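Every number for a ligand or one of its atoms is a count from 1 in the order of the listing. Just so it is clear, the structure is predicted and the values come from calculations on it, not from any experiment.
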Amino acid sequence: MSNEHAIVMSGIRPTGFLHLGNYFGAMRNYVKLQDQYTCFFMVADLHALTTHPDTKELKNNVHRVLAENIACGIDPDKAALYCQSHVRETSELYLYLNMLAYLGELEKTTTFKEKARMQPDNVNAGLLTYPVLQTADIILHRATWVPVGKDQEQHLEMARNFVNRFNHRYGEVFPAPMAYNFGEDLVKVPSLDGTGKMSKSENQLATLYLADSDDLIRKKVMKAKTDGGPTSPNSLKPDYIENIFQLMRLVSSMDVIHHYELAFNDCTIRYGDMKKQLAEDMVRFIAPIRGKAESIRTNETYLKEIMEKGADKARESAAATMKLVREAMGLQY
Ligand code: TRP
């Protein structure tokens, strides 16, 4: 990152439970960023409406996501942790940006095509302009760094295009937002079925959620794919075994990892025992986060307070930007 005063912004959709992949891939890094930069972390409840028009569960989901973020270490005193719909300036900027976004480019967006395929009966305009709203979220704070996964890179490229068009047409108001890449810090969290990474949409039993009960964690870990063990010393580990070691490296002690590395190399390893150990270490890691999230989630007064505090910080930054925007656009009569 280029300078200390850089502004970091990211959003998370309130449409699923946080899992271990989110924790090691994103949350843990957000926690580091909040100590170094001005950070805005937002729950994207408006974005959720593009795919989840039924709002019955929305409040619960927003509360849960906020609670899980705080339990993972996001500090509402350091970062602005807020809810998208609480910052009305977002909708205003979104409207202006819509005039700079072309139908052709929106229709070509990978996530749009995917979601249109998933919900053919509800290909709404909000779905089409999803990247425009995301751009508004980011540039509302004139943020330059956006810590997101690979799946969001196209949206960021579009954000840069919208920014360039705005600046070109109305004058330099916005810096170009870039994906913040954690590089070395980006830990891969393999799924328990030996294929790919842990993720919301894939096999639920192969993903460990921060809300999983102790027994469910044990059950999922014990189901992880193994085999009869290596038959010759110092063999190469098959992918699914390497994955179990990788998960151990995230939550187990050095001694434990070392023990199983040796046991693998001299062919004395018993995967049943190894998984039991991993399950207990996972429980020890996840249970406190789950407990903390649960107690925050059920404390509505506290949640209201932090949402209000976050929204105040976000609105202050948004108001300053919108003043510049209206000036630049000549919307002052
Ligand atoms: N589109 C993002 C996702 O699906 C969520 C999001 C909304 C976001 N607004 C944002 C991410 C702004 C980064 C910046 O994960």
Side-chain angles (χ1 to χ4, degrees), residues 6-19 21-23 25-27 29-30 33-34 37-52 58 61-62 65-66 68-69 72 74 79-94 97-98 101 106 109-116 118-119 124 126-163 174-182 186 197-202 310-311 314 317-318 321:
I7 296 173
V8 171
M9 194 277 152
S10 197
I12 172 159
R13 285 161 53 96
T15 50
F17 289 74
L18 284 189
H19 52 74
N22 298 131
Y23 181 84
M27 303 312 308
N29 293 318
Y30 290 3
L33 291 175
Q34 70 183 356
Y37 306 101
T38 302
C39 290
F40 293 90
F41 296 130
M42 179 199 82
V43 179
D45 58 336
L46 299 176
H47 275 114
L49 297 176
T50 63
T51 50
H52 295 65
L58 196 53
N61 289 339
V62 166
V65 167
L66 281 168
E68 285 182 333
N69 275 271
C72 287
I74 299 284
L81 181 60
Y82 66 101
C83 196
Q84 192 177 29
S85 62
H86 288 172
V87 182
R88 306 287 157 91
E89 286 84 352
T90 308
S91 305
E92 185 187 350
L93 185 54
Y94 167 58
L97 292 176
N98 269 328
L106 296 171
T109 315
T110 310
T111 49
F112 171 70
K113 288 193 287 193
E114 241 169 59
K115 287 172 187 167
M118 300 283 286
Q119 51 184 65
N124 61 78
L127 206 55
L128 183 70
T129 56
Y130 185 113
V132 184
L133 181 56
Q134 182 164 349
T135 304
D137 294 333
I138 299 165
I139 70 177
L140 195 54
H141 306 299
R142 281 166 285 161
T144 44
W145 294 109
V146 188
V148 282
K150 272 226 162 318
D151 63 322
Q152 296 295 309
E153 263 165 24
Q154 189 180 28
H155 290 172
L156 280 188
E157 191 185 319
M158 295 172 80
R160 283 191 292 277
N161 288 335
F162 302 145
V163 159
F174 299 112
M178 305 286 290
Y180 181 77
N181 205 321
F182 290 103
L186 207 58
K197 298 187 298 178
M198 278 195 190
S199 81
K200 281 194 225 202
S201 44
E202 311 275 313
S317 141
T321 301

(message) Please enumerate all residues that pass salt bridge (charged side-chain N to carboxylate O under 4.0 Å, His left out) together with Glu92, with sequence neighbours excluded.
(response) Arg326
(message) I'd like the residue list for ligand 1, meaning every protein residue with a non-hydrogen atom under 4.0 Å from the ligand.
(response) Met9, Ser10, Gly11, Arg13, Met42, Ala44, His47, Tyr130, Gln134, Asp137, Ile138, Val146, Val148, Gln152
(request) Using the salt bridge (charged side-chain N to carboxylate O under 4.0 Å, His left out) rule, collect all pairs that involve residues 149-159, keeping only residues at least two apart or in two chains. (result) Lys150-Glu153
(request) List the atom of Arg13, the atom of Val65, and the distance in Å for their closest heavy-atom pair. (result) O-CG2, 4.4 Å
(message) Donor-acceptor check, side chain of Glu89 to backbone of Ala318, threshold 3.5 angstrom: yes or no?
(response) no
(request) Quick one: sort the Trp145 and Tyr180 rings into parallel, tilted or perpendicular, breaks at 30° and 60°. (result) perpendicular
(request) Please identify each residue that fulfils ring-ring contact (aromatic ring centres under 6.0 Å, His included) with Tyr82, with sequence neighbours left out. (result) His141
